[in-house]
There are 2 protein chains.
Amino acid sequence: MPDRQPATRRTGAQTRAEAQRIALELFSNQGYEATSMQQVADALGIRKASLYYHFRGKDEIVRSLLEGRGDEARALARWVHEQTPSPTLARDAVLRWVDSSSREKLRGIRFMNANPLLVGTVARRAGVDVGDELAAVLDALLPHDADPRRRLLLRMAFMSLPAAVAAAEPGTPDEVTVAAARAAAESLVAAAARP
Amino acid sequence: MPDRQPATRRTGAQTRAEAQRIALELFSNQGYEATSMQQVADALGIRKASLYYHFRGKDEIVRSLLEGRGDEARALARWVHEQTPSPTLARDAVLRWVDSSSREKLRGIRFMNANPLLVGTVARRAGVDVGDELAAVLDALLPHDADPRRRLLLRMAFMSLPAAVAAAEPGTPDEVTVAAARAAAESLVAAAARP
DNA sequence: GTCTATACGGTGATAGAC
DNA sequence: GTCTATCACCGTATAGAC
């Protein structure tokens with residue numbers, strides 16, 4: 001297949017960035033394993049071998065997509081530790097988390113929702129586990145001998161944005177999804193506080 | 001690789017059933033695409049070609065795993081339509097759904113959580129879409145011009161079991177997960193009722 | 001029903017010219 | 001940076017003997 005659009009001129013960094021955009025889209029819609037490097041290269045308008053110039057391999061694309069993740073979770077953990085304990089601390093922390101997660105991150109959440117196993121593996125291999133960070137936050141918000149049911153409810157509150165994205169019908173406007181996630185977070189954190 | 005445990009004697013139906021059990025487990029832990037027919041056959045203690053005697057292909061295993069799904073959703077839709085409208089109908093329907101879903105179904109939920117895209121594709125190809133059934137239930141519970149935010153919250157209430165499974169740390173006892181899901185469902189349906 | 005053996009396509013990945 | 005060409009491998013799937 002020698003005929004193809006004369007690849008629009010791009011600098012290296014631009015090509016890399018666009019490849020990330022395209023890969024994120026394909027991985028979200030078809031899944032990581034079901035997406036081939038060939039598909040990504042085709043959508044990019046370059047040959048597969050050229051794609052390998054920008055990324056060492058398929059998994060490196062994923063890692064590049066995930067880099068920086070975990071920073072926010074760590075920041076939240078730090079913030080929680082700095083606060084003086086109060087009855088509304090859990091609620092404040094949850095809303096802080098959901099609100100910080102909601103800016104432009106919906107695309108990333110869709111990707112993570114579509115490839116839960118992959119994200120877990122890569123994150124573990126990359127050293128940082130978001131789940132662990134979240135656990136640290138929970139430990140600061142709940143007594144260590146707390147009812148595991150209430151602990152899980154609080155976890156669900158923190159994960160209400162991904163849950164909302166997963167529950168939303170295709171085509172739901174982002175603002176609706178975010179609003180519902182916020183309301184769900186408030187509701188769940190309250191449920192976690194009830195005995 | 002000619003040496004292998006002398007396959008424990010099984011009837012055809014037993015082999016098929018055990019293959020389903022094993023495949024469900026592997027698909028849940030590693031994902032569908034990342035699991036090869038070779039792995040399933042190995043875990044079963046038979047040759048790959050023998051596995052193809054019981055199932056036409058890999059996707060037929062998934063379909064066999066999913067068959068019967070959608071029946072419960074349809075039953076719920078029917079039940080809702082039979083009820084006389086009342087202020088607590090939504091709450092009753094949600095709890096009915098979560099409770100009915102919670103018996104022995106956690107394994108299936110884990111599978112669906114691990115392979116969201118696959119399940120969507122297969123279900124669509126198999127004709128029945130669980131999402132559509134759920135939409136029908138929602139239409140009966142909410143006015144058609146209802147706030148989309150409240151509609152999504154109600155959807156989240158129905159999906160609180162998968163959400164709880166997704167949020168649970170590995171090793172969480174099933175009873176804890178189910179209890180949290182129930183509490184979350186109640187909480188979310190209440191949130192959906194608030195303006 | 002289970003086996004051995006094999007066909008076939010596509011995949012991730014690399015070498016090296018331009 | 002992008003290309004052509006090529007690789008080894010592994011996946012699904014089938015044929016046919018027992």
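In this text the structure is predicted, and so the values were computed from the model without any measurement.
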At 4.0 Å (heavy atoms only), tell me whether B:Thr11 reaches a base, stays on the sugar-phosphate, or touches nothing.
nothing
I need the CG-P distance between B:Leu51 and C:dG1, as an integer number of Å.
14 Å
Identify whether the distance between the nearest side-chain nitrogen and carboxylate oxygen of B:Lys105 and B:Asp99 falls below 4.0 Å.
no
Please list, pair by pair, any protein nitrogen or oxygen found under 3.5 Å from a nitrogen or oxygen in nucleotides 13-15 of chain C.
residue : atom : partner : partner atom : Å
C:dA13  : OP2  : A:Tyr52 : OH           : 3.1
C:dA13  : OP2  : A:Lys58 : N            : 3.0
C:dA13  : N6   : A:Lys48 : NZ           : 3.4

Whole-Å distance, B:Gln30 CD to D:dG11 P, equals 11 Å
Starting at atom CG of B:Leu44, determine the distance to atom C1' of C:dC3, rounded to an integer number of angstrom.
15 Å
Length of the line joining A:Glu33:CD and C:dT11:C1', which is rounded to integer Å:
12 Å
Calculate the interatomic distance between A:Gln38 atom CD and C:dG9 atom C1'; express it in whole Å.
13 Å
Send over the distance from B:Glu60 CD to D:dT12 C1', rounded to a whole Å.
14 Å
Does a salt bridge link A:Arg78 with A:Asp71, judged by any charged N lying under 4.0 Å from a carboxylate O?
no
Nearest-angstrom distance from the residue atom OH of B:Tyr53 to P of C:dG1:
5 Å
Taking only residues two or more places apart in sequence, or in another chain, which ones meet A:Val119 in a side chain to side chain contact (heavy atoms under 4.5 Å, CB included)?
A:Leu66, A:Phe111, A:Met112
Determine: side-chain N/O of A:Thr35 to OP1/OP2 of C:dT11, distance under 4.0 Å, yes or no.
no
Of the listed nucleotides D:dC3, C:dG1, C:dC3, the one nearest the side chain of B:His54
C:dG1
Ignoring hydrogens and angles, write down the donor-acceptor pairs under 3.5 Å from the side chains of residues 184-191 of chain A, residues two or more places apart or on other chains.
residue  : atom : partner  : partner atom : Å
A:Glu186 : OE1  : A:Arg91  : NE           : 3.3
A:Glu186 : OE1  : A:Arg91  : NH2          : 2.3
A:Ser187 : OG   : B:Ser187 : O            : 3.0
A:Ser187 : OG   : B:Ser187 : OG           : 2.2

Could you tell me the separation between the CG atom of A:Asp42 and the C1' atom of C:dG10, rounded to a whole number of Å?
13 Å
Across all chains, not counting sequence neighbours, the side chain to side chain contact (heavy atoms under 4.5 Å, CB included) partners of B:Arg125 are B:Thr121
Write out all pairs satisfying ring pair (Phe, Tyr, Trp, His ring centres under 6.0 Å) with one or both partners inside residues 11-57 of chain A, taking only residues at least two apart or from two chains.
A:Phe27-A:Tyr32
Going by the rule side chain to side chain contact (heavy atoms under 4.5 Å, CB included), which residues pair with A:Glu169 if we only count those two or more places apart in sequence or in a different chain?
A:Thr172, B:Ala135, B:Arg151, B:Arg155
With a 4.0 Å cutoff (strictly under), does any side-chain N or O of A:Ser50 reach OP1 or OP2 of D:dC3?
yes
